[in-house]
Amino acid sequence: MNACLEFNQVAKRYGSVRALAGVELAVAAGSILALLGPNGAGKSTLFGCLLGLIRPSRGEVLWQGQPIRDADRRAVFGYLPERIALYPHRTVRDNGLFFARLKGHPPAELERQLKRVGLYAAQDRPVRQLSKGMLQRLGLALALCGQPQVLVLDEPFNGLDPALLDGLQGILQEEHARGATLLISTHTMSAIEPLATHAAILLEGRLAARGSLGELRAQHGEDSLEAVYHRIARRQRSREREEVIA
Ligand code: ADP
């Protein structure tokens, strides 16, 4: 595998809470990795460690075989957080320009991405008037600015109606086709299944499974990622019940 990103024994503790327990994961260049796991499994923490927003307690993340420097991060990553912090009384355009400038993108690039996500006509509206789906699209436009090599999307399908979901899947396919690597955390199996090339299943801060979709389906004797996920999560729950009884 030609890995562009490597998580080497990445661990994170928040006081007594162990959020990540030594995650070891290589991400193939140009792949679409689905990061699956229940709430609290550590998905956002793993993304935070990748993006330099969270300092791991142990381990490191490598980009092209080297530790990532902050200067690289700005150029390499586009990030859609689960909840984006914006200035509610300022317009879509003003908010967009603020973030675009921070990352060194020209206004024309913001305009291009706003058109692409279907938000250009709403650019003079204050952000507080936007629906959840529109906010999600604004966040996506900001993440897409500058054609990042890696797109990191935390729960991107939340709050989207079927038409928006279809539009987002199309854009993600275009990003994949231009060679970007995508890391997507989600609970929406029906949306990720047709997109993902690889998946990693995180349970209680540990990777319970990882591989290409074909490998995972074959290994677990299931015909869908959703069925693989439920099989692994069920196994973990019954193990926990046995531990409680013992
Ligand atoms: P996920 O994104 O899979 O829902 P998170 O990475 O948000 O999981 O959380 C993993 C674990 O770490 C959870 O038990 C969560 O409560 C805990 N956690 C996350 N952020 C913090 C924090 N800032 N302080 C303390 N505990 C945290």
Side-chain angles (χ1 to χ4, degrees), residues 5-27 31-63 68 70 73 77-86 132 135-136 139-140 142-143 150-160 165 168 172 181-193 195-196 198-211 213 216 225-241 243-244:
L5 283 169
E6 291 159 80
F7 293 83
N8 285 342
Q9 292 300 326
V10 175
K12 176 68 187 174
R13 270 188 175 278
Y14 299 103
S16 62
V17 177
R18 190 187 61 188
L20 295 175
V23 169
E24 187 79 21
L25 176 68
V27 181
S31 62
I32 302 183
L33 176 81
L35 182 61
L36 309 176
N39 290 333
K43 302 180 298 296
S44 302
T45 302
L46 193 67
F47 282 170
C49 292
L50 171 65
L51 296 159
L53 306 171
I54 294 171
R55 185 188 287 271
S57 316
R58 182 163 54 81
E60 59 178 358
V61 187
L62 303 182
W63 163 248
I68 311 177
D70 283 340
R73 283 198 172 95
F77 295 112
Y79 174 45
L80 173 66
E82 195 178 354
R83 271 177 300 274
I84 181 169
L86 297 162
K132 193 155 190 281
L135 283 173
Q136 192 75 334
L140 180 67
L142 299 178
V150 180
L151 269 169
V152 180
L153 310 174
D154 201 350
E155 295 290 349
F157 308 118
N158 280 358
L160 299 186
L165 186 62
L168 173 58
L172 298 184
T181 303
L182 281 73
L183 279 72
I184 304 175
S185 79
T186 186
H187 294 295
T188 316
M189 300 285 179
S190 56
I192 197 67
E193 185 111 35
L195 280 176
H198 293 71
I201 299 177
L202 199 56
L203 299 177
E204 297 187 350
R206 290 180 194 282
L207 273 189
R210 63 176 162 232
L213 253 55
L216 287 169
L225 178 60
E226 179 161 15
V228 170
Y229 175 74
H230 287 308
R231 174 183 278 266
I232 290 171
R234 260 198 312 269
R235 203 170 58 197
Q236 168 87 3
R237 285 196 297 272
S238 69
R239 223 180 265 144
E240 283 165 12
R241 268 197 303 275
E243 279 169 15
V244 169

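Both counts, for ligands and for their atoms, begin at 1 and track the order of listing.
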Leu33 backbone acceptor or donor facing Ser31 side chain under 3.5 Å:
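Not at all, since once roles are kept as given, no pair shorter than 3.5 Å links the two residues.
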With a 3.5 Å distance limit and no angle check, can you tell me whether Glu204 reaches the backbone of Ala41 through a side-chain donor-acceptor pair?
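It does not hold such a pair.
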So, using side-chain contact (heavy atoms from CB on, under 4.5 Å) as the criterion, who are the partners of Ile84 when residues are at least two apart?
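Residues passing side-chain contact (heavy atoms from CB on, under 4.5 Å) with Ile84: Pro81, Leu86, Leu142.
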Apply side-chain contact (heavy atoms from CB on, under 4.5 Å) to Arg83 and list each qualifying residue two or more places apart in sequence or on a separate chain.
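None.
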Distance under 6.0 Å and angle within 45° of the ring axis: does Lys12 meet both against Tyr14?
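Pair Lys12/Tyr14 counts as cation-pi.
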Quick one: list whatever passes side chain to side chain donor-acceptor pair (under 3.5 Å) with Ser185, sequence neighbours left out.
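Scan of Ser185 (side chain to side chain donor-acceptor pair (under 3.5 Å), adjacent residues dropped) gives Asp154.
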Polar pairs, ligand 1 vs protein, N/O only, below 3.5 Å.
from: ligand 1; atom 1: 2 (O); to: Ser44; atom 2: N; distance (Å): 2.8
from: ligand 1; atom 1: 2 (O); to: Ser44; atom 2: OG; distance (Å): 2.8
from: ligand 1; atom 1: 3 (O); to: Ala41; atom 2: N; distance (Å): 3.1
from: ligand 1; atom 1: 3 (O); to: Gly42; atom 2: N; distance (Å): 3.0
from: ligand 1; atom 1: 3 (O); to: Lys43; atom 2: N; distance (Å): 2.9
from: ligand 1; atom 1: 3 (O); to: Lys43; atom 2: NZ; distance (Å): 2.8
from: ligand 1; atom 1: 4 (O); to: Gly40; atom 2: N; distance (Å): 2.7
from: ligand 1; atom 1: 6 (O); to: Thr45; atom 2: N; distance (Å): 2.9
from: ligand 1; atom 1: 6 (O); to: Thr45; atom 2: OG1; distance (Å): 2.5
from: ligand 1; atom 1: 8 (O); to: Gly42; atom 2: N; distance (Å): 3.1

